[in-house]
Amino acid sequence: MTETLTGIDMSVRAPEDRFRARKVSTEVEARPLSAALPPPGRLNPAARKAYYFYLMAPAIALLAFISLYPFFWLIVMAFQKGDMGAVEWVGFKNFIDLASDDRFLSGWVLLFRYSAMCLFLQVSIGVLLAVVVNGSRYERFLVTALLMPMMMAPAVAGLLWLFLYNGTFGWYHWIFHSLGLLGSGSILSSAKTAMYAIVLVDVWQWTPLITLIALAGLKRVPRDQIEANMVDGASPFRNFFAIVLPNLYPVLLIAVLLRFMDNFRFIDHILVLTGGGPANATKILPVYLFEVAFKFFDLGRGAAIALVLLVVTIILGKILVGVFDRPTAGGR
Amino acid sequence: MASRDVVHYNTPLQRVLSVLSVVFVIFYLIWTLLPFVIMFVSSFKDLLEAFKLPAVGDWAGIGVFFEFTPTLKHYQTLFAENNFSRYMLNSLIAAGGSAVISVIFGSLAAYSLSRVDFRGKSDLFFWIISTRMAPVVAVMVPLFAIFRSLDLVGTLPGLILAYTTFNLPFAIWILKGFFDNVPYGIEEAQMVDGATRFQAFRSILPLVAPGIGAFIVLCILFAWNDFLFAAIIGSGGAKTLPVATRELVQPQNIQWGAIMAAGVVTTAPMMLLGLVIRKYLVTGLTMGAVKE
């Protein structure tokens, strides 16, 4: 083997060939070096960072004016008492008062209870719906129908449901009453049931979002894994829990975090439906904040509550962005 | 998709499941669409007819719902007595204005953020996105104080600026994703051909145009549907549709017919827009985390 190889090797590297190659290369090396070319004047210079910063600047400046500047104002306001005209520095009093404020504390409890109920129902119904709708013959039609509630203004949705829940002429009240789920009083009038009423509205409006997210996730569940599992004799349930759900998990995490933060963000339907009542049963923290700041115009106290709420949101946001950045999450 | 039916279940359990799933979907559709049907139909009913319900437990009496003579009087009330055309214009200006501002500034920022790397970029990004996620009420407390000192409360420019607080970060965040998908090579090729840097940027705009168009619509949708900002910062001079609808609820006299009509007027245009940009809706509503 080695002999033949060397033989071939020798034949390829014929003496003249080697010689010619060297001759060419010496020629090139021997050529006098030309002076470095002057940079072409008409062409663009290399990308300068400054250029991009100029493009960015207007947006950043605008955003700073409407978010950063107010944020510092918020911090200042949280240490003040009274209105813009006559402000008085009170130090940490606003925060200390919060610690003994029952409504503030119960606002947190109610907020988490409300979110937990919403998320549990939305995720379980949403995923189930996505699994059923996925690959159905009518998928396009069904998805379009599901989109409808999300297009409605939450405040208008609240008003619509106020009509539907009405104790004398509401159709949903009639349905609940006829099914024996409810007495003759409206669902909104009792402190026991009012929370379920607002949860139902949120579930009505936003379950489809979870469904759409889950549907996008389902399209990416590897078919071969499912088939392998089926060939191994797994039942449909086993298949769902062993293959589909784990694959959906990253997308669902995003969905849950998004909805959780939206529960902090949107209180339109609660303001319209109950305004926090009856007997503060639906006064989740943002609703309480709205009341303190824009009904009683106690802006200092409101600012303290808002600051605490913002800090919690920022922590949640940090978690969410961490999930976004995971390569598996977006399927990028 | 081709391998869809290579392996499938054909057991009694599976058949029961598929029947159950059909039942579930039908129930869910009724639950989702019934409020719309009731809103739409009630807006054409006289109040006495709209309030008619069958006796409790009388399921056969559901037909009562369809017994009415259609009337347009609630819509006439809205536009003749309640000045709804004015509120509609307000909504349109506030939502459209903030959407256009957000997308113009946002696309410039998104483009440069997508093309340049610098220290602290991820922090800048987090600040941008956290602005979008902050609870509206919490943002509004200082914004209200500032706007009041600038006399912006109750004006359309104030409302446009307020909507920009959530639309601009949204636009930057989403559009950056779009620009990330456009290869830098295209701009380089343009510049080799003698285009300036800004001309190169303009040359890739057609590639992201459908996305930008869809996100103008989404920004309009978010702003149009807002209630809190409009109720506080727009109160007085810049009343928008959701606020005007809410004001039809008066302690003594809730004008249900007009409310249902106002609901239709507020919701219908957004529904049509939503269908137009359906393709981008999931991406938009999940802040770009999920792509369909």
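Residue numbers start from 1 in every chain, and the chains themselves are labelled A, B, ... in the order their sequence lines are given, proteins ahead of strands. Computed from heavy atoms alone, side chains included, the values below leave out hydrogens, waters and symmetry copies.
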Which atoms of [X] approach chain A - backbone, side chain, both or neither, heavy atom under 4.5 Å:
X: Leu161(B); answer: both
X: Thr245(B); answer: both
X: Leu285(B); answer: both
X: Val249(B); answer: side chain
X: Leu20(B); answer: neither
X: Leu17(B); answer: side chain
X: Ile101(B); answer: side chain
X: Leu124(B); answer: side chain

Taking the side chain as C-beta and beyond, is there a heavy-atom pair between [X] and [Y] under 4.5 Å?
X: Leu146(A); Y: Tyr28(B); answer: yes
X: Leu160(A); Y: Phe36(B); answer: no
X: Phe294(A); Y: Met140(B); answer: yes
X: Met56(A); Y: Leu108(B); answer: no
X: Phe24(B); Y: Ile125(A); answer: yes
X: Phe71(A); Y: Val139(B); answer: no
X: Met270(B); Y: Met150(A); answer: no
X: Thr32(B); Y: Gln205(A); answer: no

### Heavy-atom neighbours of Phe40(B) CZ exceed 12 at 6.0 Å
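No - once you tally the heavy atoms of other residues, nucleotides and ligands closer than 6.0 Å, there are 12 at most.
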### Message
More than 12 heavy atoms of other residues, nucleotides or ligands under 6.0 Å from CZ of Phe27(B): yes or no?
### Response
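Counting neighbours around CZ of Phe27(B), 12 or fewer heavy atoms of other residues, nucleotides or ligands fall under 6.0 Å, so no.
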Heavy-atom pairs under 4.5 Å with chain B are the metric here; pick the option from [options] that has the most.
options: Lys318(A), Met261(A), Arg259(A); answer: Lys318(A)
options: Leu68(A), Leu62(A), Leu129(A); answer: Leu129(A)
options: Ala145(A), Ser178(A), Ala155(A); answer: Ser178(A)
options: Ala234(A), Gly302(A), Ala57(A); answer: Ala234(A)
options: Thr207(A), Val133(A), Leu307(A); answer: Thr207(A)
options: Tyr172(A), Phe264(A), Tyr69(A), Phe65(A); answer: Tyr172(A)

Heavy-atom closest contact ([X] atom, [Y] atom, distance):
X: Ser67(A); Y: Thr131(B); answer: CB-CG2, 3.4 Å
X: Val156(A); Y: Gly263(B); answer: CG1-CA, 3.7 Å
X: Ala59(A); Y: Leu168(B); answer: O-CD2, 3.7 Å
X: Pro70(A); Y: Leu143(B); answer: CG-CD1, 3.6 Å
X: Val141(B); Y: Ala306(A); answer: CG2-CB, 4.4 Å
X: Leu228(B); Y: Phe290(A); answer: CD2-CE1, 3.7 Å

For [X], which atoms come within 4.5 Å of any heavy atom of chain B: side chain, backbone, both, or neither?
X: Leu316(A); value: neither
X: Phe141(A); value: side chain
X: Tyr138(A); value: neither
X: Leu200(A); value: both
X: Ile226(A); value: neither
X: Leu147(A); value: side chain
X: Phe266(A); value: neither
X: Leu258(A); value: side chain
X: Leu271(A); value: both
X: Leu209(A); value: side chain
X: Phe72(A); value: neither
X: Ile175(A); value: both
X: Ala214(A); value: neither

### Query
Looking at Phe169(A), is Lys52(B) sitting on its ring face, NZ or CZ under 6.0 Å from the six-membered ring centre and within 45 degrees of the normal?
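Pair Lys52(B)/Phe169(A) does not count as cation-pi.
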### Query
Judged by atom type as modelled, is there a donor-acceptor pair below 3.5 Å linking the side chain of Arg197(B) to the main-chain atoms of Tyr52(A)?
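A pair under 3.5 Å: no.
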### N/O donor-acceptor pair under 3.5 Å between Asp268(A) side chain and Asp226(B) backbone
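Looks like no, no N/O pair under 3.5 Å.
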From [X] atom [atom1] to [Y] atom [atom2], the distance as rounded to the nearest 0.5 Å:
X: Arg246(B); Y: Leu162(A); atom1: CZ; atom2: CG; value: 8.0 Å
X: Leu248(B); Y: Leu159(A); atom1: CG; atom2: CG; value: 8.5 Å
X: Met77(A); Y: Phe144(B); atom1: CE; atom2: CZ; value: 9.0 Å
X: Ser130(B); Y: Ile315(A); atom1: OG; atom2: CD1; value: 12.0 Å
X: Ile66(A); Y: Ile146(B); atom1: CD1; atom2: CD1; value: 10.5 Å
X: Leu34(B); Y: Leu164(A); atom1: CG; atom2: CG; value: 7.5 Å

### Message
I'd like to know whether Leu53(B) forms a side chain to side chain contact (heavy atoms under 4.5 Å, CB included) with His177(A), so could you lay out the CA-CA distance, the side-chain angles of the two residues, the decisive distance to 0.1 Å, and finally the verdict.
### Response
CA-CA 12 Å; Leu53(B) 276 182; His177(A) 196 23; over 6 Å; no
### Task
Please confirm whether Phe198(B) and Tyr51(A) have ring centers closer than 6.0 angstrom.
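That pair fails the under 6.0 Å test.
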### Message
Here's a test for you: under side chain to side chain contact (heavy atoms under 4.5 Å, CB included), which of Pro54(B), Pro35(B), Ser42(B) qualifies with Trp171(A)?
### Response
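Of the listed options, the one satisfying the test is Pro54(B).
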### Query
Parallel, tilted or perpendicular: which describes the rings of Trp256(B) and Phe163(A), with under 30° parallel and over 60° perpendicular?
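Taking Phe163(A) first and then Trp256(B), their aromatic rings sit tilted (interplane angle of 30° to 60°).
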### Message
Under a 4.5 Å cutoff for heavy-atom pairs, which residue among Phe51(B), Phe125(B), Phe166(B) has the most contacts with chain A?
### Response
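Of the candidates given, the most pairs with chain A belong to Phe51(B).
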